[in-house]
**Q** 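Following this message is one structure expressed as structure tokens.
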Amino acid sequence: MKEFIEEPSHTFNEYLLIPGYSSSECIPNNVSLKTPLVKYKVGEDPKISMNIPMVSAVMQSVSGNELAVALAQQGGVSFIFGSQPIESQAAMVKKAKLCKAGFVESDSNISSDATLADVLNVTENTGHSTICVTDDGSAHGKLMGIVTSRDYRVSRMSPDLQVSEFMTPFDRLVCAEEGISLKDANDIIWEHKLNTLPIVTKDGNLHSVVFRKDYEAHKANPDELLDDNKRFVVGAGINTRDYKDRVPALIDAGVDVLCIDSSEGFSEWQKLTIDWIRANYGDDVKVGAGNVVDADGFRYLVDCGADFVKVGIGGGSICITRETKGIGRGQATALTEVAKARDEYFDKTGIYVPVCSDGGIVYDHHITLALAMGADFVMLGRYFARFDESPSNRVSIDGKFYKEYWGEGSARARNWQRYDLGGDKKLSFEEGVDSYVPYAGSLKENVQRSLQKIKSTLCNCGALNLVELRDKAKITLVSATSIVEGGAHDVIKKDRSGNIR
């Protein structure tokens, strides 16, 4: 054999952080969790940074457009799953990009000679109650008026009534001209007590729309992650098979960052994919690669041109790659080795390539351990699958609610591209399971709770940011007995109603 590593590989659950000196400044409100998403040169700022160190996994049961918006509102990035037709993935990306904020291109439009029935159909299809009326029914036609739910009563109006009969006409609208700043547009909204402000060109054509609710959402989510055009930052997964068709469609849809979704990334297939992206788009398109579990794999993907590298094989809660194929590595050991290689590469070249820890997270404190061990951010599947915003169904089992959660290597996902080794276009055997996870409610509430735990732990370590955490962290390997000691033990617990259990 080439090499035999006698040291066992370890998981996050086998470690604890040792507290360090905390100054009076070390309070959670002073902690910054900002972290780079893509590589950068020393002295430069990353093209994309995140306000929290969390991204969602490239999975059918996790990352759809709703979760992409919810996570971006909290400061992270979702990678919309690629195991679907190119057109539907691009549509998800576009929908998430259009959902926000600032000057939004109207995607609910109708012509003035349409009917109330047409209005109701548009509302049903888009979920939007505000519809722009243009001469040709397009997003950039001549603005004729606006229809909102306040303009009609379904029970008292004929479905055949033309829009021109009940819309709010252009001459009664408050509009702003193209070129106005977002601040001034919001000032007009507040001054005139508007919900919607159309932005028009000098010729009277609809340019975009500014919504009051976006301003309110921004104030409620100060860490939201936006691009230069005040739209949410959205990622997407790609594979090493159809990237020549998928990547252009995703770029046209407005995607900000790509991630090659593969169970094992130390492969020429990843090089070919990145080479094609660089040949056609240069460094403008950001793409992460992986997954790897050692320094050799990291250096290979960095040399290929990856903008970040994912670490982890077989550690996901629904992954059975280690059982099925006998490959992988304990997540903590894999991460520490790759992070060391990352630092050595930075010292040698002056280029910092972020490391993403993917898999092995069971508890919130595992996230902090991963960050202390060198991860710039973590990718989470099961964690996000529990929330309202994930695409899977919520089901009731024995009076308790759960969300469906399945692996990309399961027969249900049919994602053979993720496990492609150049053979037939099919999934020869499963590397993931179909399962349920306990339903947990909204993403925002749960993410904020997790972030508070992470910030509190950083304070215990005397760190106010993730760089300080890595510099100051002291980590100890623990025994099985000490793990038991760390939880409630030798007591009779009672529930919230006071009953013994």
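The basis for the numbers below is simple: all heavy atoms, side chains too, and nothing from hydrogens, waters or symmetry mates.
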**Q** Taking the side chain as every heavy atom from C-beta outward, state whether Tyr436 and Val395 have any atom pair closer than 4.5 Å.
**A** yes
**Q** What heavy-atom pair brings Gly235 and Val77 nearest, and what distance separates the two atoms?
**A** N-CG1, 3.8 Å
**Q** Could you go step by step and tell me if Glu105 and Ser208 meet the side chain to side chain donor-acceptor pair (under 3.5 Å) rule?
**A** CA-CA 5 Å; Glu105 181 181 71; Ser208 55; over 6 Å; no
**Q** By the ring-ring contact (aromatic ring centres under 6.0 Å, His included) test, which pairs, at least two apart or in different chains, include something from residues 270-289?
**A** Tyr243-Trp276
**Q** Testing the basics here: between Leu143 and Val133, what is the closest heavy-atom pair and its distance to 0.1 Å?
**A** CD1-O, 3.5 Å
**Q** For the pair Asn465 (side chain) and Val467 (backbone), establish whether a donor and an acceptor sit closer than 3.5 Å, ignoring hydrogens and angles.
**A** yes
**Q** Donor-acceptor pair, Asn186 side chain versus Leu182 backbone, under 3.5 Å?
**A** yes
**Q** Under a 3.5 Å distance rule, please check whether Asp118 uses its side chain to pair with a backbone N or O of Thr115 as donor and acceptor.
**A** yes
**Q** In the structure I gave you, are the side-chain heavy atoms of Ile199 and Cys175 within less than 4.5 Å of one another anywhere?
**A** no
**Q** Hey, does the side chain of Ser49 reach the backbone of Pro46 with a donor-acceptor pair shorter than 3.5 angstrom?
**A** no
**Q** Heavy-atom count check: over 12 atoms from other residues, nucleotides or ligands less than 6.0 Å from Lys94 NZ?
**A** no
**Q** Classify the side-chain pair Gln331/His366 by whether it contains a donor and acceptor separated by less than 3.5 Å.
**A** no
**Q** With rounding to the nearest 0.5 Å, note down the distance linking CD in Gln270 to CD1 in Ile274.
**A** 6.0 Å
**Q** Supply the atom-to-atom distance Cys356 SG to Leu37 CG, rounded to the nearest 0.5 angstrom.
**A** 9.0 Å
**Q** Is any side-chain heavy atom of Met54 closer than 4.5 Å to a side-chain heavy atom of Val447?
**A** yes
**Q** Can His128 and Asp107 be counted as having a side-chain donor-acceptor contact under 3.5 angstrom?
**A** yes
**Q** Check for a donor-acceptor pair, side chain of Asp376 on one end and backbone N or O of Thr35 on the other, with a separation under 3.5 Å.
**A** no
**Q** Could you give the distance from CG (Leu451) to CG (Asp223), rounded to the nearest 0.5 Å?
**A** 8.0 Å
**Q** For Thr168 and Asp151, which I'm curious about, is there any donor-acceptor pair between the side chains at under 3.5 Å?
**A** yes
**Q** Working to the nearest 0.5 Å, report the span between OG of Ser32 and CG of Leu464.
**A** 9.0 Å
**Q** Determine whether a donor-acceptor pair (N or O, by modelled atom type, separation under 3.5 Å) exists between the side chain of Ser392 and the backbone of Glu404.
**A** yes
**Q** With side chain to side chain contact (heavy atoms under 4.5 Å, CB included) as the criterion, how do Thr134 and Lys142 come out once you've worked through the C-alpha distance, each side chain's angles and the decisive distance to 0.1 Å?
**A** CA-CA 5 Å; Thr134 59; Lys142 189 174 183 65; 5.9 Å; no
**Q** We want to know whether Asn446 and Tyr383 form a side-chain donor-acceptor pair, criterion being a heavy-atom distance below 3.5 angstrom.
**A** no
**Q** Would you say that Val353 contacts Ile351 through its side chain, given a criterion of any heavy-atom pair below 4.5 Å between the two side chains?
**A** yes
**Q** With no hydrogens and no angle check, just 3.5 Å: does a side-chain donor-acceptor pair link Thr201 and Asp203?
**A** no
**Q** Which atom pair, heavy atoms only, marks the closest approach of Glu389 to Ala70?
**A** CG-CB, 3.7 Å
**Q** Among all residues two or more places apart in sequence or in another chain, which pass the salt bridge (Lys or Arg N to Asp or Glu O under 4.0 Å) test with Lys193?
**A** none
**Q** If you look at every heavy atom in Gly237 and Leu250, which pair is closest and at what distance?
**A** O-CD1, 4.3 Å
**Q** If only atom types and distance count, is the side chain of Arg246 paired as donor or acceptor with the main-chain N or O of Gly82 below 3.5 Å?
**A** yes
**Q** Any side-chain heavy atom of Leu206 sitting closer than 4.5 Å to one from His140?
**A** no
**Q** Between Lys403 and Ser390, what is the shortest heavy-atom contact and its length?
**A** CE-OG, 2.9 Å
**Q** Apply side chain to side chain contact (heavy atoms under 4.5 Å, CB included) to Phe81 and Val62, showing your working.
**A** CA-CA 8 Å; Phe81 68 95; Val62 177; over 6 Å; no
**Q** Is the closest side-chain donor-acceptor distance between Asp364 and Ser450 under 3.5 Å?
**A** yes
**Q** Please report the interatomic distance NZ(Lys244) to CG(Asp242), rounded to the nearest 0.5 Å.
**A** 11.5 Å
**Q** Which pairs pass side-chain hydrogen bond (donor to acceptor under 3.5 Å, both in side chains) with one or both residues in residues 63-80, sequence neighbours excluded?
**A** Ser56-Ser63, Ser56-Ser78, Ser63-Ser78, Gln74-Asn221, Gln74-Gln448
**Q** Do Phe308 and Phe377 have ring centroids that are under 6.0 Å from one another?
**A** yes
**Q** Could you go step by step and tell me if Lys47 and Asp284 meet the salt bridge (charged side-chain N to carboxylate O under 4.0 Å, His left out) rule?
**A** CA-CA 9 Å; Lys47 181 70 174 179; Asp284 292 336; over 6 Å; no
**Q** Any donor-acceptor pair under 3.5 Å linking the side chain of Arg382 with the backbone of Val362?
**A** yes
**Q** Considering only heavy atoms from C-beta outward, does the side chain of Val311 approach that of Asn291 to under 4.5 Å?
**A** no
**Q** Treating Lys97 as the side-chain partner and Phe232 as the backbone partner, does any N or O pair qualify as donor plus acceptor under 3.5 Å?
**A** yes
**Q** If you take the centroid of each ring, where Trp contributes its six-membered ring, are Tyr352 and Tyr40 closer together than 6.0 Å?
**A** yes
**Q** How long is the straight-line distance from CD1 of Ile454 back to CG of Leu369, given to the nearest 0.5 Å?
**A** 10.5 Å
**Q** For Gln162 and Asp113, test the side chains for any donor-to-acceptor distance below 3.5 angstrom and give the result as yes or no.
**A** no
**Q** If you measure from the Lys or Arg side-chain nitrogens to the Asp or Glu carboxylate oxygens, is any gap between Asp283 and Arg278 under 4.0 Å?
**A** yes
**Q** Side-chain contact test, heavy atoms from C-beta onward, threshold under 4.5 Å: evaluate it for Thr148 versus Ser129 and give yes or no.
**A** no
**Q** Check the pair Thr196 / Val209 against side chain to side chain contact (heavy atoms under 4.5 Å, CB included), numbers first and verdict last.
**A** CA-CA 7 Å; Thr196 306; Val209 185; 3.1 Å; yes
**Q** Measure the shortest side-chain to side-chain distance between Glu124 and Leu120 over non-hydrogen atoms and say whether it is less than 4.5 angstrom.
**A** no
**Q** Please evaluate residues Met144 and Met167 with respect to the criterion side chain to side chain contact (heavy atoms under 4.5 Å, CB included), reporting the C-alpha separation (whole Å), side-chain torsions for both, the decisive distance (0.1 Å), and the verdict.
**A** CA-CA 9 Å; Met144 310 297 291; Met167 70 180 184; 4.2 Å; yes
**Q** Could you check whether any side-chain N or O of Ser456 sits under 3.5 Å from a backbone N or O of Gln452, counting only pairs where one atom can act as donor and the other as acceptor?
**A** no
**Q** Above 12 or not: heavy atoms from other molecules or residues under 6.0 Å from CG of Asp171?
**A** yes
**Q** So, for Val378 and Ala370, which heavy atoms are closest and what is the spacing to 0.1 Å?
**A** CG1-CB, 3.8 Å
